[in-house]
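Throughout, residue positions are numbered sequentially from 1 according to the sequence presented.
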Amino acid sequence: MDINCDVDIPETGETLQENALQKARYVYDNYHLDCFADDTGLEVEALNGAPGIYSARYASLENAQCQAHDSEANMSRLLRELGENNNRRARFRTVIALIQKKDVCPCGCTSIKQEHLFEGIVNGEITRERSGVEGFGYDPIFRPDGYDKTFAELGADIKNQISHRARAVKKLCEFLTDK
């Protein structure tokens, strides 16, 4: 169902959980529908978890000339900041917020909602240079544990089976089918 929500909902939270909940709450409060929303970030150990919630707009935080979602600029900044650091450990993390109407207040004035969070993580490392052309974002420089290729080299079929989003969606689906 298309609810015709064309609003670019701001992400002003300090965590992935807060941003996912902020987006889901906006839809629930304005359209009165059960819904889910997500937020995703790349967290690099040597950079104290950066870029984290700023992953999509990482380069634009440093240079106002860069547009948000400029993958090339984001990767360039990340690789430059890591430099020759041998600690390349990183993880992609997705948090999905699900909001469902549970009941109606006894007086009938408002609905009572339940909020649930589902997290998916894939650990790996940042490569020293880009490799591969599939995917988007940081895929050309992220190599998941257990693989000798980056997400951009693995292709959509494999990435969609092992990614952070796939893991979070799997938990969401299991929750919904167990009800």
Would the distance check show the side chain of Lys23 and the main-chain N or O of Asp38 forming a donor-acceptor pair, the cut-off being under 3.5 Å? yes
Exam field: side chain Asn87 to backbone Arg89, donor-acceptor pair closer than 3.5 Å: yes
Please walk me through it: do Thr15 and Val95 pass side-chain contact (heavy atoms from CB on, under 4.5 Å)? CA-CA 10 Å; Thr15 65; Val95 175; over 6 Å; no
Say you draw a straight line from CG of Leu79 to OH of Tyr138; how long is it, rounded to the nearest 0.5 Å? 10.0 Å
Measuring from atom CD1 of Ile99 to atom NZ of Lys113, what distance do you get when rounded to the nearest 0.5 angstrom? 5.0 Å
What distance do Ile158 atom CD1 and Glu134 atom CD have between them, rounded to the nearest 0.5 Å? 10.0 Å
Looking at Asp29, I'd like to know if its CG atom is crowded, meaning that more than 12 non-hydrogen atoms belonging to other residues, nucleotides or ligands lie closer than 6.0 Å. yes
Nearest 0.5 angstrom please: Leu21 CG to His116 NE2, how far? 11.0 Å
Give me the atom names and distance for the closest heavy-atom approach of Phe36 to Leu98. CB-CA, 4.0 Å
Pair Ser60, Arg77 - check side-chain hydrogen bond (donor to acceptor under 3.5 Å, both in side chains), show working. CA-CA 10 Å; Ser60 67; Arg77 177 178 180 190; over 6 Å; no
Closest heavy-atom contact between Thr127 and Pro140? OG1-O, 3.8 Å
More than 12 heavy atoms of other residues, nucleotides or ligands under 6.0 Å from CZ of Phe118: is that the case? yes
Can you check whether Leu16 reaches Thr40 side chain to side chain, under 4.5 Å on heavy atoms? no
Do Val7 and Asn30 come close enough that some side-chain heavy atom pair is under 4.5 Å? no
Spacing of NE2 belonging to His32 relative to CD1 belonging to Ile3, to within rounding of 0.5 Å: 10.5 Å
Could you tell me which non-hydrogen atom of Pro144 sits nearest to which non-hydrogen atom of Phe151, and how far apart they are? CG-CE2, 3.7 Å
Keeping Arg167 on the side-chain end and Ile121 on the backbone end, is there a donor-acceptor pair under 3.5 Å? yes
Under the 3.5 angstrom rule, does the side chain of Gln22 hit a backbone N or O of Thr12 as a donor-acceptor pair? yes
Quick check: does any side chain N or O of Asn74 sit under 3.5 Å from a backbone N or O of Ala59, one acting as donor and the other as acceptor? yes
Do Arg91 and Asp145 meet the salt-bridge criterion of a basic N to acidic O distance under 4.0 Å? no
Same hydrophobic cluster for Tyr28 and Ile96, using side-chain heavy-atom links shorter than 4.5 Å among ILVMFWY? no
Considering the options His164, Arg93, Lys171, which one meets the side-chain hydrogen bond (donor to acceptor under 3.5 Å, both in side chains) requirement together with Glu119? Arg93
Would you name the heavy atoms of Ser131 and Glu153 that are closest together and state the gap between them? OG-OE2, 2.6 Å
What are the two closest heavy atoms between Ala50 and Tyr58, and how far apart are they? CB-OH, 3.9 Å
If you take all heavy atoms of Leu42 and Ala90, which pair is closest and at what distance? CD1-CB, 4.1 Å
Could you list who else is in Phe136's hydrophobic cluster, with ILVMFWY side chains joined at under 4.5 Å, directly or through other members? none
Measuring from Leu172:CG to Thr94:OG1, what's the distance to the nearest 0.5 Å? 12.0 Å
My understanding is that only residues two or more places apart in sequence, or in another chain, count here; which of them pass side-chain contact (heavy atoms from CB on, under 4.5 Å) with Arg128? Glu84, Asn86, Arg88
